[in-house]
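Notes follow the structure.
Throughout, protein chains are lettered first and strands after them, A, B, ... in sequence-line order, and every chain is numbered starting at 1. Hydrogens, waters and symmetry mates play no part in the numbers below; they use all other heavy atoms, side chains included. Everything quoted here is computed from the prediction, not taken from an experiment.
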Amino acid sequence: MIKVLFFAQLRESLNCDELTINLSSDQAFQSVKTLEQLREQLAKTDENWQSSLANGKLLMAVNQTIVDGSQVLKDGDEVAFFPPVTGG
Amino acid sequence: MDEMISVQTQDFDMAAEYQALLTNSDGTSNSNDGAVVTFVGLVRDYNQGNYVEGLTLEHYPGMTEKALEGIVLQAKQRWPLGKVRVIHRIGKLALSDQIVFVGVTSKHREAAFEATQFIMDYLKNDAPFWKKEVTNIGERWVEAEDKDVKAQQRWDKL
């Protein structure tokens, strides 16, 4: 199982803050190996997910560290998608 | 106030934080350091073309603290620092409310000034906080700005 989190305007546009995905048994996700592949698969959910996740500026983190799409996912990972940060 | 990093809804007391920076963990005075630099960021009334009435700060619990710890560690590797304190507030904030505190001590001022700016420049780009403003034209998420990216990149060249 992996946990997938969404934050800020992305969370609002998807109307979803958290998903749990089983990469080995959830049929749609069985071929997902990398973070970019996960993003592509999630984008297939519907048009809204497609356009929301297409934003090239979105940042991705695995286990609370920002990484790029080539990161290989493993069971137990915590994945997050979010827009550029605006704190401070 | 023993913790170096705090992410909290409650306000902070600048005077108490300043005193804590001058005090060692055993209660004695921190007389090694001759410089203290502090920065406080506040909610401003005008941003990105509109009047702001207040804002809400969202964050990524767990990653926020981890990112801030990483930034402070980088600063400590780069400059000879004494104590470092970072506080960032979350939740609903009103105009002129305090958002962020960075306090750095060092033997000399140059390191304390530079490290304080470095920590803020990295925080602006790498710490997972997001501001949603209430403005005169309604609610909106604040857009990340290129100037913040540039401010961080300047440290690569030094």
Side-chain angles (χ1 to χ4, degrees), chain A residues 1-21 34-36 38-39 42-43 47-88, chain B residues 7 39-44 47-48 52 55-71 86-91 93 98-102 116-133 139-149 151-152:
Chain A
M1 301 284 259
I2 60 166
K3 186 155 87 165
V4 186
L5 305 171
F6 305 97
F7 291 96
Q9 51 271 62
L10 181 64
R11 171 179 56 73
E12 283 188 352
S13 68
L14 299 176
N15 194 25
C16 176
D17 60 358
E18 184 175 337
L19 286 177
T20 303
I21 295 172
T34 67
L35 186 54
E36 186 53 37
L38 174 67
R39 166 150 129 163
L42 288 169
E47 268 180 35
N48 180 34
W49 282 68
Q50 177 76 49
S51 61
S52 300
L53 289 172
N55 181 349
K57 286 186 172 173
L58 282 188
L59 300 173
M60 302 183 282
V62 173
N63 300 326
Q64 305 187 346
T65 301
I66 292 176
V67 291
D68 65 37
S70 65
Q71 175 90 12
V72 176
L73 300 175
K74 58 179 192 313
D75 198 41
D77 278 348
E78 177 178 297
V79 175
F81 295 92
F82 47 81
V85 304
T86 56
Chain B
V7 178
F39 171 80
V40 176
L42 310 167
V43 179
R44 194 179 58 241
N47 190 38
Q48 297 177 349
V52 176
L55 58 82
T56 305
L57 262 153
E58 177 171 332
H59 78 128
Y60 178 174
M63 182 174 168
T64 317
E65 292 81 354
K66 199 171 155 178
L68 293 173
E69 278 162 19
I71 292 166
V86 178
I87 306 171
H88 202 297
R89 294 178 69 197
I90 50 171
L93 297 175
Q98 304 186 117
I99 304 172
V100 58
F101 174 88
V102 177
T116 303
Q117 284 211 297
F118 175 94
I119 290 168
M120 276 309 299
D121 290 343
Y122 273 67
L123 182 155
K124 280 275 190 183
N125 291 284
D126 292 350
F129 293 100
W130 300 273
K131 286 186 189 127
K132 189 177 197 179
E133 290 174 338
E139 287 197 352
R140 63 157 184 220
W141 290 95
V142 173
E143 291 293 325
E145 295 190 51
D146 286 345
K147 69 176 170 65
D148 291 324
V149 177
Q152 182 183 34

Subject >> Pairwise distance CD(B:Glu143) to CD(A:Gln9) - rounded to 0.5 angstrom >> reply: 6.5 Å

**OP:** Check whether B:Asp126 gets within reach of chain A through its side chain, its backbone, both or neither, counting any heavy atom under 4.5 Å.
**Re:** backbone

**OP:** Pull out the residues in residues 68-82 of chain A that come under 4.5 Å of chain B, heavy atom to heavy atom, sorted by number.
**Re:** A:Glu78, A:Ala80, A:Phe82

Subject >> A:Thr86: which of B:Val142, B:Leu57, B:Leu55 passes side-chain contact (heavy atoms from CB on, under 4.5 Å) >> reply: B:Val142

Original post:
Is a side-chain donor or acceptor of B:Lys124 paired with a backbone partner of A:Gly87 at a separation under 3.5 angstrom?
Top reply: yes

**OP:** Working to the nearest 0.5 Å, report the span between CZ of A:Arg11 and OH of B:Tyr60.
**Re:** 14.0 Å

Subject >> side-chain contact (heavy atoms from CB on, under 4.5 Å) partner of B:Met63, chosen from A:Leu5, A:Thr65, A:Asn63, A:Ile66 >> reply: A:Ile66

Original post:
Should B:Trp130 and A:Val85 count as side-chain neighbours, where that means a heavy-atom distance under 4.5 Å?
Top reply: yes

Subject >> B:His59 to A:Phe7 - nearest heavy-atom pair and separation >> reply: O-CE2, 3.6 Å

Subject >> Separation of A:Gln64 CD from B:Glu65 CD (nearest 0.5 Å) >> reply: 8.0 Å

Subject >> Greatest number of heavy atom pairs closer than 4.5 Å to chain A - which of B:Glu145, B:Lys66, B:Lys131, B:Lys132 >> reply: B:Lys131

